[in-house]
Student: 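There's a structure below that I have some questions on.
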Amino acid sequence: MPIKLVTTAAALRTESARLLIEQHGGSQGLVPTMGALHEGHAQLARTAVEQNDVTVVSIFVNPLQFGEATDLQRYPRTLDADLELLEAEGVDLVFAPDVEEVYPNGEPMVRITSGKLAEKWEGASRPGHFDGALTVVAKLLHFGIPGACGNNGTPPHYRAYFGQKDAQQLTLVQRMVADLNFPVEIVPVPTVRAGDGLALSSRNRFLSGEEREAALVLSRALRLVEERANAHQPLDLDSAVALVESQPLVKLDYFEVVDPATLEPLAENCRETPFRGEGLAIIAARVGPVRLIDNVPLSS
Ligand code: AMP
């Protein structure tokens, strides 16, 4: 079936209801994105299409989560190519509202406060970012509520897909949904990388060839730590940090191993003693004009 583009919440509900009834559908998946889609987004869409009767992808560049106006203005917008990619993945509906549709009363007065988990890491260098991101995710999760009853009059199962690439955002979304009882299952999707290891990101297109080459040190350093965890060795984070800092085009912001649930740094001693348990190695750095983030889950 050809993909359908809708731009209003009302049209989204009508079309979602129509498709669910037509297909006797028992489930709907939502994939929230900001567009400029790449293979990472395609993987989210593919997973949603596999697991649901109806799949909706939203494309909305949310002004509320951008600190600098220039970053918002220059965020890439590629709707035609995005629609082509999503159609190829079998997505049913694309919801691409304008700013007035999402914020009809201007900036929302009532917002999500993301709390302690948002104070560190990305939150520390991007003040207000997660409150803005969670506020729009809350709105998108509401816009995407399935528009009809499924088989036997039961509400369709509702899932939403988020990339592990944005680990802190994923953790915060999971907490918001649990803390505020949103009727949706959050499905994490592993990070998709280029062949050379660089995590795919819409912002990678702003890297020069030389900067892109330099940026590979992020995934290399993460892999080093991952290999040590797999081999039950001390993580020796200091040497991995030194590797990143040896690259002059890369300005490291943070590189830590944290508890995946609390995002608190794991005890210092996992630097010297063999790593055991679950962890998440997280890194952020500026490379040329772009701030890059990446992470790997550790399990040993
Ligand atoms: P964005 O359009 O950058 O806001 O991302 C939309 C969704 O795609 C988020 O849930 C991201 O975590 C996810 N995503 C972005 N890049 C990747 C990637 N390389 N692999 C997997 N998921 C990704």
Side-chain angles (χ1 to χ4, degrees), residues 29-51 55-67 71-72 74-79 81-83 85-86 89 91 94-97 102 114 118 121-122 126 129-141 143-144 159-177 184-207 212 215-216 218-219 222-223 260 263 280 282-284 290-297:
L30 172 74
V31 182
T33 80
M34 297 204 296
L37 303 182
H38 50 64
E39 181 53 32
H41 301 108
Q43 182 62 41
L44 266 67
R46 204 171 297 143
T47 311
V49 168
E50 273 165 21
Q51 297 181 353
T55 296
V56 181
V57 174
S58 65
I59 297 180
F60 179 63
V61 182
N62 175 36
L64 228 54
Q65 72 193 68
F66 283 82
D71 193 27
L72 171 63
R74 70 162 193 188
Y75 198 85
R77 287 159 172 90
T78 59
L79 185 62
D82 293 351
L83 290 174
L85 176 146
L86 296 173
E89 295 301 338
V91 169
V94 172
F95 175 51
V102 178
S114 38
W121 318 124
E122 286 311 284
R126 303 175 71 186
H129 166 73
F130 284 120
D131 287 0
L134 286 191
T135 299
V136 81
V137 168
K139 289 176 75 93
L140 292 168
L141 290 174
F143 286 135
R159 300 184 180 92
Y161 295 77
F162 290 85
Q164 287 174 351
K165 155 88 170 33
D166 298 285
Q168 192 172 9
Q169 170 178 280
L170 170 62
T171 306
L172 280 161
V173 168
Q174 286 169 322
R175 275 311 291 254
M176 174 176 75
V177 163
V184 60
E185 177 193 352
I186 301 301
V187 183
V189 178
T191 302
V192 178
R193 300 175 180 281
D196 56 14
L198 185 68
L200 297 185
S201 161
S202 307
R203 291 186 167 95
N204 289 352
R205 71 189 68 199
F206 297 125
L207 296 169
R212 195 186 179 291
L216 293 179
L218 273 69
S219 53
L222 287 173
R223 208 161 50 234
L263 303 180
L280 187 69
I282 56 173
I283 190 166
V290 185
R291 184 186 160 78
L292 295 175
I293 58 171
D294 198 354
N295 67 84
V296 291

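Counting starts at 1 for both ligands and their atoms, in listed order. Scope of the values below: all heavy atoms of this structure, side chains included, with no hydrogens, waters or symmetry mates.
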Student: Under a heavy-atom criterion of less than 4.0 Å, does Gln43 contact ligand 1?
Tutor: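 No; Gln43 lies far enough from ligand 1 that no heavy-atom distance drops under 4.0 Å.
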
Student: Give the single entry among Gln65, His38, His41 that approaches atom 16 (N) of ligand 1 most closely by any heavy atom.
Tutor: His38

Student: Check ligand 1 against Thr191 and write out every atom of the ligand that is under 4.0 Å from a heavy-atom position of the residue.
Tutor: 20 (N), 21 (C)

Student: Looking only at non-hydrogen atoms, find the nearest pair between Lys165 and Asn295 and report the distance.
Tutor: O-ND2, 3.1 Å

Student: May I ask you to identify, for Pro190, whether its side chain, its backbone, both or neither come under 4.0 Å of ligand 1 on a heavy-atom basis?
Tutor: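 Backbone only.
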
Student: Under 4.0 Å from a heavy atom of Thr33: give me the atoms of ligand 1 that qualify, with their elements.
Tutor: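 The atoms of ligand 1 under 4.0 Å from a heavy atom of Thr33 are 2 (O), 6 (C).
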
Student: Grab the two heavy atoms, one from Ala45 and one from Thr55, that are nearest each other, plus how far apart they are.
Tutor: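 The answer is O-CG2, 4.5 Å.
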
Student: Taking only heavy atoms of Pro32, which atoms of ligand 1 are found under 4.0 Å from at least one of them?
Tutor: 6 (C), 7 (C)

Student: If we check side chain to side chain contact (heavy atoms under 4.5 Å, CB included) with Arg46, which of these qualifies: Gln51, His41, Glu39?
Tutor: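 Looking at Gln51, His41, Glu39, the match for Arg46 under the side chain to side chain contact (heavy atoms under 4.5 Å, CB included) is Glu39.
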
Student: Any chance you could measure Phe95, atom CZ, to Thr33, atom OG1, to the nearest 0.5 Å?
Tutor: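 Here the interatomic distance stands at 12.0 Å.
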
Student: List the closest protein heavy-atom neighbour of atom 22 (N) of ligand 1: residue, atom name, distance to the nearest 0.1 Å.
Tutor: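 Scanning the protein heavy atoms, the shortest distance from atom 22 (N) of ligand 1 goes to Leu44 CD1, 3.4 Å.
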
Student: How far does CG of Leu263 sit from OG1 of Thr171, to the nearest 0.5 angstrom?
Tutor: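 These two atoms lie 4.5 Å from each other.
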
Student: Just need the protein heavy atom nearest to atom 11 (C) of ligand 1, so name the residue and atom and give the distance.
Tutor: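 Sorting protein heavy atoms by distance from atom 11 (C) of ligand 1 puts Asp166 OD2, 3.0 Å first.
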
Student: Taking heavy atoms and a distance under 4.0 Å, where does Glu39 meet ligand 1: side chain, backbone, both or neither?
Tutor: neither

Student: Please could you name the atoms of ligand 1 that Phe162 approaches to less than 4.0 Å, counting only its heavy atoms?
Tutor: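 Result: 10 (O).
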
Student: Starting from atom 20 (N) of ligand 1, locate the nearest protein heavy atom and write down its residue, its atom name and how far away it is, to 0.1 Å.
Tutor: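 Answer for atom 20 (N) of ligand 1: Val192 N, 2.9 Å.
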
Student: Looking only at protein heavy atoms, which one is nearest to atom 23 (C) of ligand 1, and what is the separation?
Tutor: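 The closest one turns out to be Lys165 CB, 4.0 Å.
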
Student: Closest heavy-atom contact between Asp82 and Ala36?
Tutor: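 Looking at all heavy atoms of both residues, the closest pair is OD2-N, 3.0 Å.
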
Student: Around atom 4 (O) of ligand 1, find the nearest protein heavy atom and jot down its residue, atom name and distance.
Tutor: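 For atom 4 (O) of ligand 1, the nearest protein heavy atom is Met34 CG, 3.6 Å.
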
Student: Compare every heavy atom of Asn204 with every heavy atom of Ala199, then report the nearest pair and how far apart it is.
Tutor: O-ND2, 3.1 Å

Student: Hey, is CZ on Arg203 packed in by over 12 heavy atoms from elsewhere, all under 6.0 Å?
Tutor: yes

Student: Answer yes or no for Ala36: is there a heavy-atom contact with ligand 1 below 4.0 Å?
Tutor: no

Student: Closest approach of Leu85 and His38, non-hydrogen atoms and distance?
Tutor: CD1-O, 4.2 Å

Student: For Leu200, counting its heavy atoms only, list the atoms of ligand 1 lying under 4.0 Å from any of them.
Tutor: 16 (N), 17 (C), 18 (C), 19 (N)

Student: Give the contacting part of Val31 toward ligand 1: side chain, backbone, both or neither, where contact means a heavy-atom distance below 4.0 Å.
Tutor: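 For Val31, there is no contact with ligand 1 at all, from either part.
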
Student: Which ligand 1 atoms does Gly163 reach within 4.0 Å, using its non-hydrogen atoms?
Tutor: 9 (C), 10 (O), 11 (C), 12 (O), 13 (C), 22 (N)

Student: Given Gln43, which of Val192, Thr191, Val31 fulfils the side chain to side chain contact (heavy atoms under 4.5 Å, CB included) condition?
Tutor: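 So the option named by the test is Val192.
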
Student: If we ignore hydrogens and angles and just use 3.5 Å, is the side chain of Asn62 paired with the main-chain N or O of Met34 as donor and acceptor?
Tutor: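 Side chain of Asn62 to backbone of Met34: no pair is present.
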
